[in-house]
Amino acid sequence: MQILESPSEMQSYALGARADGRSIALVPTMGSLHAAHLSLLRLARERADIVVVSVFVNPTQFGPGEDFDNYPSAFGDDAEACRRAGADILFHPSADTMYASDHSVVVEETSLSRNLCGLSRPEHFPGVTTVVAKLFNIVQPHVAVFGAKDAQQARVIQRMTRDLNFPIEIIVASTVREEDGLAMSSRNALLTPPQRAEARRIRQALLSAKALIDGGERDPEPIRRHILGHLNESPHLEIDYVGIVDWERLRPVERINALTLIAVAVRIGNTRLIDNIMPARDAFPGSSRQSSP
Ligand code: PAF
């Protein structure tokens, strides 16, 4: 495995590989890799000749007062994990090489990004779409793999890819969970043991909502109240939102159907956690490898 730090070196490598007829899969990450990232890497491995993992904690997707400075990082361990999982290239640029000091172009999705996380984190998705567009141009992938835990991010990137004609297949891979159901996230490492114990309520709330839907409830309001009630039982959880939205537009639904996504964001102390479920189907629509969230 090679570690490349310079965007121009990465791009030359990618263009050369393409000229030789080799396909490239990209797994974009912010490092602090765990089993969920490695599952993305395995999917990427099946899909292309060359697997590139990018590790870049992108400053532009964090708002003022968010956890950019405390974002967990463990580059040595990440490199070792990538090597063991069969990555070919670890792309690890610095912020200075990714962003010119006078950079002035932002890629912004203006519909799907405005609801759910976009309401409390208005800087987040423009930062994500800008850096992912840059990674697409630098790494020149045929395929890029994202996790279903970040369902809104996956939808926003699908939309950006479509609207900007990137010739890239977006794969949305299953959420990987801890034994008690908590969705794996680099931010889980920031939880204290009592906070970690409370965090399992997120998945429990989503599963008990699914049980009501499986029992025939189709009205989103009682489902929303049920989830809120479950989460509110914990004094440690501060609810950001419980969204019951359609997968296509990420707008609130009037009736729950097979394309309904239930997405939740909470804060536990200083840590923000998200999770979601599509309660009436086994897989996310619209990609060749989909999740059973
Ligand atoms: O999901 C993430 O880790 C980040 O948002 C991404 C896609 C790597 C962009 O910085």
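Start at 1 and go down the list; that is how both ligands and their atoms are numbered. Quick note: residue numbers are just sequence positions, from 1. Please read these numbers as outputs of a predicted model, since none were measured by experiment.
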Within ligand 1, which atoms have a heavy atom of [X] less than 4.0 Å away?
| X | answer |
| --- | --- |
| Thr29 | 8 (C) |
| Pro28 | 8 (C) |
| Val131 | 9 (C), 10 (O) |

* Asked: Is Val143 close to Ser23 at the side-chain level, that is, under 4.5 Å between some pair of heavy atoms?
  ->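 Contact flag for Ser23/Val143 side chains = no.
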
* To do: Only pairs at least two apart or in different chains count here, so list each salt bridge (Lys or Arg N to Asp or Glu O under 4.0 Å) that has a residue in residues 124-138.
  =>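 Non-adjacent pairs meeting salt bridge (Lys or Arg N to Asp or Glu O under 4.0 Å): zero.
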
* **Shortest heavy-atom approach to atom 9 (C) of ligand 1 - which of Met30, Gln61, Gln153** =>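 Selected option, by shortest heavy-atom distance: Gln61.
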
* Asked: With Asn257, which residues qualify under side chain to side chain donor-acceptor pair (under 3.5 Å), at least two apart?
  ->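 Checked Asn257 against side chain to side chain donor-acceptor pair (under 3.5 Å); matches are Thr260.
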
* Any idea how Phe56 and Tyr99 line up, ring-wise: parallel (<30°), tilted (30 to 60°), or perpendicular (>60°)? ->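 Answer is tilted, since the angle falls between 30° and 60°.
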
